[in-house]
Undergrad: 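One structure is given below, represented as structure tokens, and several questions about it will come after.
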Amino acid sequence: MQTKQLTSWLFLLLMVALTGCEREEIDIAANTDFPPAILSSTPSANGRVVAGDFDVRVVFADGSISPLQSATVTLMDSAMNVLATADQPLSGIQDSVVIEGSTFNAASLGVGVYNMSISVTDTKGQTTTQDFSFEISNLPYPANHDNIFIAGGFNGWGADALTLVSDHIWEIQNVDLQGEAWKLKNCADWCDEDWGDAQCNGFMVSNFADGGNGDTNCGNTGLVNIRFNDQTLSYSVMPAVSYASNSMSLYLLGTFNTFQGGEYQFQLVDDNRWVLDEVLLAPGDQFKMAEMPDFQGINYGDDENDGTAERYGSNIVLPATATEGYYRIDFNDRSLAYELTFLRAAAPESVGILGDATPTGWDSDTDMTDEGNGVYTTTIELIDGTVKFRANDAWDLSWGGTEFPTGTAVVGGGDIPVTAGTYKVTLDITNLTYSFVVDSGIGSIGLVGDATPGGWDNDTPFTKNDDGTWSALIGLGNGNAKFRADGNWDVNWGGSDFPSGTGTQGGADIPVTAGIYLVTLDPVSGEYSFAPATIGLIGDSTPGGWDADTDLTLNPDVMGEVKGEVTLTAGAAKFRANDAWDYDWGGSDFPSGTATFKGGDIPVTAGTYTVKFNVNTLAYSFE
């Protein structure tokens, strides 16, 4: 949620309010005064880290009017016992808190579930909090799943296992897809999540996504190697070719990875020729090529640092005169010659978009905002034409592509064809992807009507999603509703269909049936949906523990309220929607209180209770 909040702030800096067809001036100061955001965290929410030494790192961001002031980060075990905490001042619009693993003996922590609590405050006293769990795993690398399998026409839709070969990267080699459809899945018998790429665009879609997914049917034939990133959902299908080699595998080990680990694995691309596509190196870094990720096999160094390695030679040293940045390394395991090729600087000072489709043409860049982790964004109005991205207002490093509105960013690639419109543009120079998402020029969207908590006078606010849609989880009554923008009737959507339809400007009231819904609107197309949502109680005090929700039923007498009689043991509980953690609420008070989104566990005393929770007011009680 914090990343979405931050991107919405950056969008608001360039937003124009709609009044009929006129664009109005905006108050920049007002639109940069927002609560602080938790930009990223390691470990991540519901993520995993590999058992062993690791650091806790949290990155924060805020607007320029109310910059960051302080943050508290706490690491706890599954019983909420504090293992480490940091409470420190912050400054500026982006800062971070780091708790080094050595301070809480990270290497000694056992596998299992752990908890994080994060709180950040800005100079105006605005506070944002987040509480979540993560897992320490015995997998050799961090991953979001314990297993990944491939199924398709080539294996009778069975289950061939992929191997975790680096962080979030799963691989299977020498597969003949026979030109037929296939999918990936996280359990052999289709018991949970699966992924397919019906568009053949290099990114998988989960069966849990809105609208589900389709099979991957891109006509691949012959022996191929398949890699899948279970975090970004990107994948590759590459021909599997046999080449002569004197090494069974090859890894780069150096000061940057404490001379161990399989993160930097070379690929055999020709007879005896191994290539590591890129690695970040700094002057003074030392490294070797090694047959195994732990020096068990042969390793290669360079006693003279002259470009020809020797078996078990001295560490290779990147000269002090070299530029810090990303390098490709070629190594011949027959001649032992190696070569480093500089690819790009470690981090550009700036990244911009330019082209004949932009307001400034090819003469100057429209600078993009650095979101961290190699992601840059901007909101821009384009005309029909072409664009490219480049670093540091120069052509030494640029990115292009052939696809629109999403595609693969190719270093030095061609011009990207675009069509006229206002877009939120995102470039990821780490994963080499870009996207142009239509931006409606709207600052906020809400739902009003006699079927809503606020009636016709007060909007129930929505949250903007990464795909340009807006959504909210709301309890509604029998009656009518409409969507509107920016809290007034200048721009509004209505329709005659329920629970889904296409709204039109100034359209009819939408007839609503009482219930709890995940409501979504696409302001560009007008498409809307009211998807029924379930609310359940979960926790170690509940009959299903932390594994299964005890569903509550809608109270027809109170809008947005669910209730149910539940026998509980002493322990903790939370409320959540749709048996998932996208929407969950917790609190610190018992037997009654007001919950907070993503709040802490509610402490529960054993007994049989009538449990009530209102998704609109967030009031709860155990009576």
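Values reported hereafter were calculated over all heavy atoms of this structure, with side chains retained and with hydrogens, waters and symmetry mates removed.
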Undergrad: Could you check if a side-chain atom of Pro543 sits within less than 4.5 angstrom of a side-chain atom of Val566, using non-hydrogen atoms only?
TA: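 Heavy-atom side-chain distance check passes, below 4.5 Å.
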
Undergrad: Does either side chain, that of Asp197 or that of Tyr235, offer a donor lying less than 3.5 Å from an acceptor on the other one?
TA: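 Yes, because at least one side-chain N or O of Asp197 sits under 3.5 Å from a partner of the opposite role on Tyr235.
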
Undergrad: Assess, by modelled atom type and distance only, whether the side chains of Glu623 and Thr610 contain a donor and an acceptor separated by less than 3.5 Å.
TA: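 Absent: no donor and acceptor within the cut-off.
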
Undergrad: Would the number of heavy atoms belonging to other residues, nucleotides or ligands and lying under 6.0 Å from CD1 of Ile93 be above 12?
TA: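 No, the 6.0 Å shell around CD1 holds no more than 12 heavy atoms from other groups.
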
Undergrad: Does Lys482 reach the side chain of Asn480, with side-chain heavy atoms less than 4.5 Å apart?
TA: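 The answer is no, as the side chains (C-beta and beyond) never meet within the 4.5 Å cut-off.
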
Undergrad: Between Asp230 and His168, is there a side-chain donor-acceptor contact under 3.5 Å, judged purely by atom types and distance?
TA: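 Judged by distance alone, the side chains do pair up.
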
Undergrad: Side chains of Thr469 and Thr520: any donor to acceptor distance under 3.5 Å?
TA: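 Side-chain D/A pair, Thr520 to Thr469: absent.
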
Undergrad: Between Glu561 and Asn614, is any side-chain donor less than 3.5 angstrom from a side-chain acceptor?
TA: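 There is no such pair (donor and acceptor under 3.5 Å, judged by atom type) between the side chains of Glu561 and Asn614.
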
Undergrad: Quick check on Asp384: does its CG atom have over 12 non-hydrogen neighbours (other residues, nucleotides or ligands) under 6.0 Å away?
TA: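 Counting neighbours around CG of Asp384, more than 12 heavy atoms of other residues, nucleotides or ligands fall under 6.0 Å, so yes.
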
Undergrad: Is it true that Asp146 and Arg48 have a side-chain N and a carboxylate O under 4.0 angstrom from each other?
TA: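 The answer is yes: the pair qualifies as a salt bridge.
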
Undergrad: Taking the side chain as C-beta and beyond, is there a heavy-atom pair between Phe613 and Ile535 under 4.5 Å?
TA: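 Contact flag for Phe613/Ile535 side chains = yes.
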
Undergrad: Does Lys598 pair with Asp131 as a salt bridge, N-O distance under 4.0 Å?
TA: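 Answer for the salt bridge query: no.
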
Undergrad: Out of curiosity, Thr460 OG1 to Ile474 CD1, how far, rounded to the nearest 0.5 Å?
TA: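 Output value for this atom pair is 5.0 Å.
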
Undergrad: Do Ser471 and Asn465 have side-chain N/O donor and acceptor atoms under 3.5 Å apart?
TA: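 On atom types as modelled, these side chains qualify, holding a pair under 3.5 Å.
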
Undergrad: Would you say the side chains of Ser541 and Thr569 form a donor-acceptor pair under 3.5 Å?
TA: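 Side-chain D/A pair, Ser541 to Thr569: absent.
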
Undergrad: Ring centroids only, cut at 6.0 angstrom: are Tyr423 and Phe404 within range, meaning strictly under it?
TA: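 Aromatic pair counts; centres sit under 6.0 Å.
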
Undergrad: Which value, rounded to the nearest 0.5 Å, describes the distance between Phe530 atom CZ and Thr513 atom OG1?
TA: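 Spacing of CZ (Phe530) from OG1 (Thr513) equals 10.0 Å.
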
Undergrad: Heavy atoms only: give me the nearest Gln94-Asp370 pair and the separation to one decimal.
TA: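 Residues Gln94 and Asp370, closest heavy atoms: OE1-O, 4.3 Å.
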
Undergrad: Given side chains that start at C-beta, do those of Cys187 and Asn147 come closer than 4.5 Å, heavy atoms only?
TA: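 Counting from C-beta outward, Cys187 and Asn147 never come under 4.5 Å.
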
Undergrad: Would you say the ring centroid of Tyr517 lies under 6.0 angstrom from that of Phe498?
TA: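 Yes.
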
Undergrad: Ring centroids only, cut at 6.0 angstrom: are Phe228 and Trp195 within range, meaning strictly under it?
TA: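 Ring-ring flag for Phe228/Trp195: true, centres closer than 6.0 Å.
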
Undergrad: Once you round to the nearest 0.5 Å, how far does CZ of Phe134 lie from OG of Ser44?
TA: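 With rounding to 0.5 Å, CZ (Phe134) is 9.5 Å from OG (Ser44).
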
Undergrad: If we check salt bridge (charged side-chain N to carboxylate O under 4.0 Å, His left out) with Arg484, which of these qualifies: Asp459, Asp509, Asp490?
TA: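 Answer to the salt bridge (charged side-chain N to carboxylate O under 4.0 Å, His left out) test with Arg484 among Asp459, Asp509, Asp490: Asp459.
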
Undergrad: Going by atom types only, do Asp192 and Asn186 share a side-chain donor-acceptor pair under 3.5 Å?
TA: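 Judged by distance alone, the side chains do pair up.
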
